[in-house]
Amino acid sequence: MTATLTFREDGSALCLHTDLLPLGELGTLTVSRNSEVEFNHTTQLWEVTRPGERSHVLYANASRSACIEWEILNLAP
């Protein structure tokens, strides 16, 4: 997996969090979720949704790992 940091004009950075980079060494972190991966008991699938938008499923799979991989490939800044 590769990690990409995108820097804004104000000096702040955006990235998909990973333990590959010691992000805390850059300064104080502000972390927010861009998506959620949760198990749907009705469909018996893991689902990727935006926070607060559980009814709109972005991706679903029987494998949680597949959902995490989809998240990394499709939702990174």
Side-chain angles (χ1 to χ4, degrees):
M1 179 171 127
T2 61
T4 303
L5 290 173
T6 302
F7 290 93
R8 296 178 174 162
E9 288 184 19
D10 67 2
S12 63
L14 293 173
C15 71
L16 185 63
H17 185 273
T18 174
D19 292 329
L20 295 174
L21 297 172
L23 297 171
E25 291 181 16
L26 296 175
T28 302
L29 300 178
T30 301
V31 179
S32 61
R33 296 276 317 157
N34 189 30
S35 62
E36 298 173 347
V37 177
E38 295 187 12
F39 190 73
N40 182 320
H41 296 278
T42 303
T43 63
Q44 293 293 292
L45 296 172
W46 289 93
E47 297 177 343
V48 180
T49 60
R50 297 275 188 196
E53 297 180 16
R54 287 240 20 186
S55 63
H56 179 71
V57 177
L58 301 172
Y59 179 78
N61 195 291
S63 165
R64 183 177 185 276
S65 295
C67 287
I68 299 294
E69 281 297 316
W70 185 91
E71 242 186 337
I72 291 168
L73 293 172
N74 293 279
L75 299 179

Atom pairs and distances, side-chain donor-acceptor, residues 20-32, under 3.5 Å, sequence neighbours left out:
none

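Leu75 and Ile68 fall within the same hydrophobic cluster, where Ile, Leu, Val, Met, Phe, Trp and Tyr residues are linked whenever their side-chain heavy atoms come under 4.5 Å apart, directly or through other members. When hydrophobic clusters are built by joining Ile, Leu, Val, Met, Phe, Trp and Tyr residues whose side-chain heavy atoms come closer than 4.5 Å, directly or via intermediates, Val37 is grouped together with Ile72.
Of all heavy-atom pairs between Thr49 and His56, the closest is CG2-O, 3.6 Å. Between Asn40 and Thr42, the closest heavy-atom pair is OD1-N, 2.8 Å. Nearest approach of Ala62 to Leu45, heavy atoms of both residues: N-CD2, 3.5 Å.
With sequence neighbours excluded, the residues satisfying side-chain contact (heavy atoms from CB on, under 4.5 Å) with Asn74 are Trp70. Under the side-chain contact (heavy atoms from CB on, under 4.5 Å) criterion, Asp10 pairs with Arg8, Ser12, sequence neighbours left out. Partners of His41 by ring-ring contact (aromatic ring centres under 6.0 Å, His included), not counting sequence neighbours, listed by chain and number: Phe39.
Every pair tested for salt bridge (charged side-chain N to carboxylate O under 4.0 Å, His left out) that includes a residue from residues 57-68 fails, sequence neighbours excluded, so the list is empty. A salt bridge (charged side-chain N to carboxylate O under 4.0 Å, His left out) check over residues 34-47, counting only residues at least two apart or in different chains, returns the pairs Glu38-Arg54, Glu47-Arg54.
Residue Cys67 holds its SG atom at 5.0 Å from CG of Asn61, rounded to the nearest 0.5 Å. To the nearest 0.5 Å, the span separating CG on Asn34 from CD on Glu71 amounts to 8.0 Å.
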